[in-house]
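Just below is one structure, and these are the notes that go with it.
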Amino acid sequence: MQQVIDKLNKDKKEQWPEFFDAISKELAELKYNLTEKLPIKSKLLSEIVKYVFIAGGKRLRPALCFLSAKATGGVTDKHLVLAELTELIHTASLVHDDIIDSAHLRRGEETVNSLWNDKISVITGDFLFGQASVKLGELENTEIVKIYANVLSDLCDGEIEQYSSKFDTKISWEKYLHKSTAKTASLFAAACKSAAILNNQSLEDIKLANNFGLYLGIAFQIVDDTLDFTSNSTELGKAVASDLKQGIITAPTLFALSASDDRAKQIQVLIESRFNEREEDFKKAINLVIELEGCKKAAMMAKEYIEKANASLSFVKDRTFHTYLTSVGDYVLSRLN
Ligand code: FPP
Ligand code: MG
């Protein structure tokens, strides 16, 4: 286990995006708190939680807490707690998501359900949600409690909506955007908004901080949905086009389905027949989505949402942090390169 942890630590350092440098001290403290300071009695749970947090990605959501805090007056101890609970919720939802998706890989590493099993994953996710609730209480701020309680409901709402609309080629853009907001953008918005609330910003600036996170989160999800088609499995750290295989219709497929071209109908038939359970038909559907420029159009849509996010940055008076927050959007889009 120690070897895995050392390797993961090394890999993560090498992929660190540049704007994180401005908050490296805060992120190091966050990582220490998540990997060393959670009160866990069980040796097994402690091992799993460490594994999950050391494998744990770029910490984009805590980064948003810290950058929004610095952009509105500075990082306080409460912002550290906010960042921690935000990452706890995100990680818990991924642990549960991997059970729902029967996923074996996340970010190129084995999932908890694969290394251990589904039952242990359910408990691990619940433990992380529990710890997030403890931290939420520590903030002693009922407004933020309400925001995060809504985020938890949104996550479930988005996930159920996604589950219940599998293989539905008639899914509307409105539903897709609602689902993306609920399962992803809601937490981004909560992080930015709550950071501003903790720094006693005006109602107008709090709303702008919320909108920045919201639009950035929608763009992030569209990019994620696009990468599902365009990356190979090594880059992706999971199976290619796993969304479409499961019948999850995302932006690239929606664009392809709405093209005025006979191939759009072909995609519809392939999806509705569940690819006739043939790998060949599944690959054909992926190729048609790409041919009909579904990914290209989705990338453009993500760019538009980043522009909307950046238009909300007037709540940031500090030029340096305005630039840093703009570069978060650039980073989200750069994942497509
Ligand atoms: C990953 O998205 C999944 C989410 C962002 C949310 C998952 C939410 C749940 C499982 C609900 C659980 C929440 C509570 C409060 C119990 P994705 O599937 O698009 O990304 P992926 O391809 O990386 O899995
Ligand atoms: Mg998933």
Side-chain angles (χ1 to χ4, degrees), residues 19 23 57-72 75 78-79 81-94 129 132 135-136 139 141-159 161-162 174-225 251 301-302 304-316 321-322 324-329 331-333:
F19 68 85
I23 46 168
K58 302 277 192 293
R59 312 243 191 269
L60 189 55
R61 293 152 190 83
L64 285 173
C65 293
F66 294 138
L67 289 172
S68 301
K70 290 209 175 194
T72 55
V75 174
K78 292 215 165 172
H79 287 102
V81 175
L82 180 75
E84 204 179 328
L85 80 90
T86 302
E87 189 65 3
L88 280 160
I89 290 175
H90 171 58
T91 308
S93 74
L94 293 184
F129 282 124
K135 303 279 162 203
L136 199 49
L139 288 181
N141 184 316
T142 46
E143 195 181 352
I144 298 180
V145 170
K146 281 188 210 161
I147 292 169
Y148 275 83
N150 276 313
V151 167
L152 294 186
S153 311
D154 285 347
L155 284 171
C156 297
D157 184 39
E159 193 70 10
E161 188 147 320
Q162 176 169 291
E174 194 188 349
K175 257 198 165 182
Y176 168 73
L177 289 170
H178 169 74
K179 179 201 82 177
S180 304
T181 300
K183 73 173 211 180
T184 305
S186 172
L187 186 57
F188 277 63
C192 297
K193 180 180 187 178
S194 304
I197 291 173
L198 288 174
N199 276 341
N200 300 311
Q201 299 299 286
S202 68
L203 283 179
E204 196 188 328
D205 284 353
I206 289 169
K207 174 100 186 121
L208 286 165
N210 177 79
N211 289 351
F212 171 73
L214 182 72
Y215 297 134
L216 183 77
I218 295 175
F220 181 88
Q221 188 58 49
I222 298 170
V223 167
D224 224 48
D225 294 341
M301 189 183 196
E304 280 164 23
Y305 273 99
I306 292 296
E307 280 160 12
K308 278 176 91 159
N310 290 343
S312 307
L313 278 176
S314 52
F315 73 98
V316 184
F321 282 95
H322 192 285
Y324 281 136
L325 282 166
T326 310
S327 68
V328 179
Y331 162 67
V332 167
L333 293 176

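Numbers here are sequence positions counted from 1.
If you run salt bridge (charged side-chain N to carboxylate O under 4.0 Å, His left out) between E84 and each of R61, K135, K78, R59, only K135 comes through.
Atom CD1 of residue I218 and atom CE of residue M301 lie 8.5 Å apart, to the nearest 0.5 angstrom. With rounding to the nearest 0.5 Å, the separation of CG in L187 from CD in E87 is 9.0 Å. Atom-to-atom distance recorded for K70:NZ and Y324:OH is 9.0 Å, nearest 0.5 angstrom.
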In sequence, state the C-alpha distance, the side-chain angles, and the governing distance for L216 and L64, and then conclude on side chain to side chain contact (heavy atoms under 4.5 Å, CB included). CA-CA 10 Å; L216 183 77; L64 285 173; 3.7 Å; yes
Report the C-alpha distance between L85 and L139 in whole Å, list the side-chain angles of each, state the deciding distance to 0.1 Å, and finish with yes or no for side chain to side chain contact (heavy atoms under 4.5 Å, CB included). CA-CA 10 Å; L85 80 90; L139 288 181; 3.8 Å; yes
Give the intermediate values and the outcome of side chain to side chain contact (heavy atoms under 4.5 Å, CB included) for residues V328 and L60. CA-CA 9 Å; V328 179; L60 189 55; 4.0 Å; yes
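Between A191 and L82 the shortest heavy-atom distance is O-CD2, 3.9 Å.
For the pair E204 (side chain) and S202 (backbone), a donor-acceptor distance under 3.5 Å is absent. One N or O on the side chain of N150 and one on the backbone of K146 form a donor-acceptor pair closer than 3.5 Å. When atom types are taken as modelled, the side chain of H79 and the backbone of C65 share no donor-acceptor pair closer than 3.5 angstrom.
Applying the ring-ring contact (aromatic ring centres under 6.0 Å, His included) test to F212 and every residue at least two apart in sequence or in another chain returns nothing. The ring-ring contact (aromatic ring centres under 6.0 Å, His included) test applied to F220 returns F188, not counting sequence neighbours. With sequence neighbours excluded, no residue forms a side-chain hydrogen bond (donor to acceptor under 3.5 Å, both in side chains) with N310. For N211, the side-chain hydrogen bond (donor to acceptor under 3.5 Å, both in side chains) test picks out no residue, with sequence neighbours left out. Residues passing the salt bridge (charged side-chain N to carboxylate O under 4.0 Å, His left out) test with E143: none are found, sequence neighbours excluded.
Taking the charged nitrogens against the carboxylate oxygens, K175 and E161 have no contact shorter than 4.0 Å, which rules out a salt bridge.
Counting only residues at least two apart or in different chains, side-chain hydrogen bond (donor to acceptor under 3.5 Å, both in side chains) contacts with residues 182-198 comprise D154-S186, Q162-K183, T184-Q221.
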